[in-house]
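Report on the following structure.
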Amino acid sequence: MVIKISDNKKSYFVVFLIGMVAGILCRLTDFLPYEESLWSLPSMATLFGFWIASVGIITCLSSSNKGAFINSFLYMFGMTICFYGLKYILGFHISRFSNEGQFQTDLFIAYSILSVACGIGSFVLYFWNRQNAFNSFLYALPASGMLAEAFACLIVLCNSHMLLAQTIFDFAFGLLFGIGLYKKAYNKMLYIGTIVLVTVLVFLLVYKPFLLTV
């Protein structure tokens, strides 16, 4: 039985705290090597797959559209606050985090806006609980996004011997969403077709241009 997140202030506060902890842990991975590193763990939180997986899980655990929006936003915003706030604090003591004493305001604002977008996305995804053809399309989106990034990371892994952790993460959650949500899809063929089509489109439009610069 899946435990749902209640729509109350206490639950929202707990989700916010979990997001803050996630932000701290993601920032601490910066102590690990990135350049010429097979695992490339420091880049985990900056890839869309991490955000897609988080939004998908939070949406599944939420109790309403409103709750899905608030939970996703608070989690991502809490993570963003600690991710950039901790870098600013560490910059006064550790040279590798130094940014000339400046808080990365532009990136903080950008990811804060992305947090709102994640909340809106979670609000929309929650409509997958309705038994109609649209639910099959919505159920396919998390798996599609994860798989598109997984294939992009796989190409980087093969060419540059980097991003092994992200490749495993994206494929694991892509398959988890793809198989796990298949049974809930109202129209199985539409679900499968959407996964294939959206995966290809996202890869070509979002990730392929990036790969050309790597």
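Being a predicted model, the structure only gives us computed values, none of them experimental. All residue numbers in this chain count up from 1 along the given sequence. Values below: every heavy atom of this structure, side chains too, minus hydrogens, waters and symmetry copies.
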Is there side-chain contact between [X] and [Y], with at least one heavy-atom pair below 4.5 Å?
X      : Y      : answer
Phe151 : Phe171 : yes
Ile168 : Trp39  : yes
Phe108 : Thr105 : no
Gln166 : Val156 : no
Met79  : Tyr84  : no
Ile5   : Val15  : yes
Cys158 : Ile155 : no

Does [X] sit in a hydrophobic cluster with other residues, and if so which ones, taking ILVMFWY side chains as linked at heavy-atom separations under 4.5 Å, directly or through other members?
X      : value
Leu201 : Leu197
Val21  : Leu25
Tyr186 : none

When rounded to the nearest 0.5 angstrom, what distance separates [atom1] in [X] from [atom2] in [Y]?
X      : Y      : atom1 : atom2 : value
Gln104 : Ile109 : CD    : CD1   : 12.0 Å
Ser6   : Leu61  : OG    : CG    : 11.5 Å
Thr80  : Leu107 : OG1   : CG    : 10.5 Å
Thr194 : Leu141 : OG1   : CG    : 7.5 Å
Cys118 : Ile113 : SG    : CD1   : 12.0 Å
Ser160 : Leu38  : OG    : CG    : 11.5 Å

Original post:
Using the ring of each side chain (for Trp, its six-membered ring), is Tyr88 parallel, tilted or perpendicular to Phe103, with breaks at 30° and 60°?
Top reply: perpendicular
**OP:** Check the pair Trp51 / Ser115 against side-chain contact (heavy atoms from CB on, under 4.5 Å), numbers first and verdict last.
**Re:** CA-CA 9 Å; Trp51 292 63; Ser115 298; 4.1 Å; yes
Original post:
Do Cys153 and Leu47 pass the side-chain contact (heavy atoms from CB on, under 4.5 Å) test, and can you show the C-alpha distance, the side-chain angles, and the key distance before you say yes or no?
Top reply: CA-CA 10 Å; Cys153 288; Leu47 295 181; 4.1 Å; yes
Original post:
Would Asp7 and Ser63 count as a side-chain hydrogen bond (donor to acceptor under 3.5 Å, both in side chains) if you check the C-alpha gap in whole Å, the side-chain angles of each, and the deciding distance to 0.1 Å?
Top reply: CA-CA 7 Å; Asp7 290 340; Ser63 302; 4.7 Å; no
Report whether [X] and [Y] are members of the same hydrophobic cluster (ILVMFWY, side-chain heavy atoms less than 4.5 Å apart, transitive linking).
X      : Y      : answer
Phe92  : Phe83  : yes
Leu190 : Val202 : no
Ile89  : Tyr111 : no
Leu175 : Leu164 : no

Subject >> Listed partners of Phe16 passing side-chain contact (heavy atoms from CB on, under 4.5 Å), at least two apart >> reply: Met20, Leu74, Phe77, Ile81
**OP:** Applying side-chain contact (heavy atoms from CB on, under 4.5 Å), name anything that partners Phe134, two or more places apart in sequence or on another chain.
**Re:** Asn132, Phe137, Leu138
**OP:** Please test Lys87 against Leu90 for side-chain contact (heavy atoms from CB on, under 4.5 Å), starting from the C-alpha separation and ending with a verdict.
**Re:** CA-CA 5 Å; Lys87 184 179 188 300; Leu90 292 175; 5.9 Å; no
Original post:
Is atom CZ of Phe31 surrounded by more than 12 heavy atoms (other residues, nucleotides or ligands) closer than 6.0 Å?
Top reply: yes
Under a 3.5 Å distance rule, please check whether [X] uses its side chain to pair with a backbone N or O of [Y] as donor and acceptor.
X      : Y      : result
Thr29  : Cys26  : yes
Ser72  : Gly119 : no
Asn129 : Tyr126 : yes

Original post:
Taking atom types as modelled, is there a side-chain donor on Ser122 or Thr59 under 3.5 Å from an acceptor on the other?
Top reply: yes
Subject >> Residue pair Asn71 / Ser62, side-chain donor-acceptor N/O under 3.5 Å >> reply: yes
For residues 142-149, run the donor-acceptor check on the side chains, cut-off 3.5 Å, and write out each pair with its distance to 0.1 Å, sequence neighbours left out.
residue, atom, partner, partner atom, Å
Ser144, OG, Ala140, O, 2.7
Glu149, OE1, Phe48, N, 3.0
Glu149, OE1, Gly49, N, 2.9
Glu149, OE1, Tyr207, OH, 2.8
Glu149, OE2, Gly49, N, 3.0

If I compare all heavy atoms of [X] with all of [Y], which pair ends up nearest, and what's the gap?
X      : Y      : answer
Cys60  : Lys4   : O-NZ, 2.6 Å
Tyr12  : Gly67  : OH-CA, 3.9 Å
Asn65  : Phe123 : ND2-O, 2.8 Å
Asn135 : Lys184 : ND2-O, 3.4 Å
Ser40  : Leu163 : OG-N, 3.1 Å
Ile58  : Ala68  : CG2-O, 4.4 Å

Original post:
Could Lys188 and Tyr182 be counted as a cation-pi pair, given that NZ or CZ must be under 6.0 Å from the ring centre and within 45° of the axis?
Top reply: yes
**OP:** Please lay out, stage by stage, how Tyr191 and Trp128 fare under the test ring pair (Phe, Tyr, Trp, His ring centres under 6.0 Å).
**Re:** CA-CA 12 Å; Tyr191 175 79; Trp128 63 26; 10.0 Å; no
